[in-house]
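Computed from a prediction, not measured in an experiment: that's the story for all the values here.
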Amino acid sequence: GNEGLKKYYQKMLAQLQDLVDIVRSNPPFLISMTLGALMVIDVHARDVTLKMCEDGIDNVNDFSWVSQLRYYWDNDREDLPGLGTPGFIVRQVQAPFPYGM
C-alpha cells in the first residue's frame with residue numbers, strides 16, 4: 001500500500017545520499033560520469049515515487065503505477081530465443097516485453 005511506498009521513498013533518499021557522498025569523494029572520472037548518469041535516473045524515480053506517495057497510490061492497478069516503466073524477474077517466463085535475458089521482463093501499462101528486445 002501507500003505506507004510501503006513511503007517507506008521505499010525514504011530508502012531511495014538514503015541511497016541517493018550514498019551516491020552523492022561517493023561523487024563528492026572525487027572518484028576517477030569514468031566512475032564519476034557513470035554515477036552522475038545513475039543519479040539522474042534515481043532523481044527522476046524519486047520524484048515519481050514522491051508524487052505517487054502524495055497522490056495516495058496504494059494499488060498496483062492504479063494508472064499512476066501501471067503507466068511507469070517497471071522491471072520484473074519472472075522465473076516462469078521464457079523469453080524468445082535471442083531476445084534478452086530469460087525471465088527479465090519490462091512492463092509499461094499492461095504490456096510485457098522481454099528485456100533486450
Side-chain angles (χ1 to χ4, degrees):
N2 193 265
E3 288 305 313
L5 200 56
K6 289 177 182 177
K7 184 176 177 181
Y8 181 65
Y9 176 75
Q10 293 303 316
K11 181 177 181 175
M12 294 174 83
L13 293 178
Q15 290 174 335
L16 268 170
Q17 186 59 53
D18 290 344
L19 285 177
V20 168
D21 293 343
I22 293 170
V23 169
R24 287 182 176 166
S25 72
N26 200 22
F29 176 76
L30 188 55
I31 291 174
S32 180
M33 293 298 293
T34 302
L35 291 176
L38 288 173
M39 288 175 67
V40 169
I41 293 167
D42 284 353
V43 165
H44 173 70
R46 178 205 62 192
D47 293 346
V48 169
T49 302
L50 177 61
K51 177 77 169 119
M52 288 192 292
C53 288
E54 292 172 344
D55 291 348
I57 303 304
D58 63 357
N59 187 307
V60 295
N61 295 314
D62 284 334
F63 184 74
S64 291
W65 175 257
V66 298
S67 65
Q68 298 303 314
L69 194 61
R70 301 166 328 275
Y71 301 91
Y72 295 89
W73 192 267
D74 185 350
N75 289 326
D76 297 328
R77 183 181 178 112
E78 290 185 29
D79 289 339
L80 299 172
L83 294 179
T85 304
F88 193 41
I89 305 300
V90 177
R91 287 193 180 119
Q92 187 166 31
V93 187
Q94 298 298 336
F97 302 97
Y99 183 79
M101 194 170 156

Spacing of Glu3 atom CD and Cys53 atom SG [to the nearest 0.5 Å]: 8.5 Å
Atom pair CG (Asp21) and CZ (Arg24), whose distance is rounded to the nearest 0.5 Å: 7.0 Å
Spacing of Asp62 atom CG and Ser67 atom OG [to the nearest 0.5 Å]: 10.0 Å
Same cluster (ILVMFWY, side-chain, under 4.5 Å), Ile22 and Leu38: yes
Nearest-0.5 Å distance, CZ of residue Arg46 to CE of residue Met39: 9.5 Å
Minimum-distance pair of heavy atoms, taken over all atoms of Leu35 and Leu19: CD2-CD2, 3.6 Å
Note, Met12 side chain near Asp42 side chain (heavy atom, < 4.5 Å): no
Distance, nearest 0.5 Å, that separates CD of Gln10 from OG1 of Thr49: 11.5 Å
Side chains of Tyr9 and Leu50 in contact at under 4.5 Å (non-hydrogen atoms): yes
Cluster check Val60, Phe63: I/L/V/M/F/W/Y, side chain < 4.5 angstrom: yes
Cationic N near anionic O, under 4.0 Å, Glu54 to Lys51: no
Under 3.5 Å: donor-acceptor pair, side chain of Asn59, backbone of Asn61: yes
Shared hydrophobic cluster, Val23 / Ile31 (ILVMFWY, side-chain heavy atoms < 4.5 Å): yes
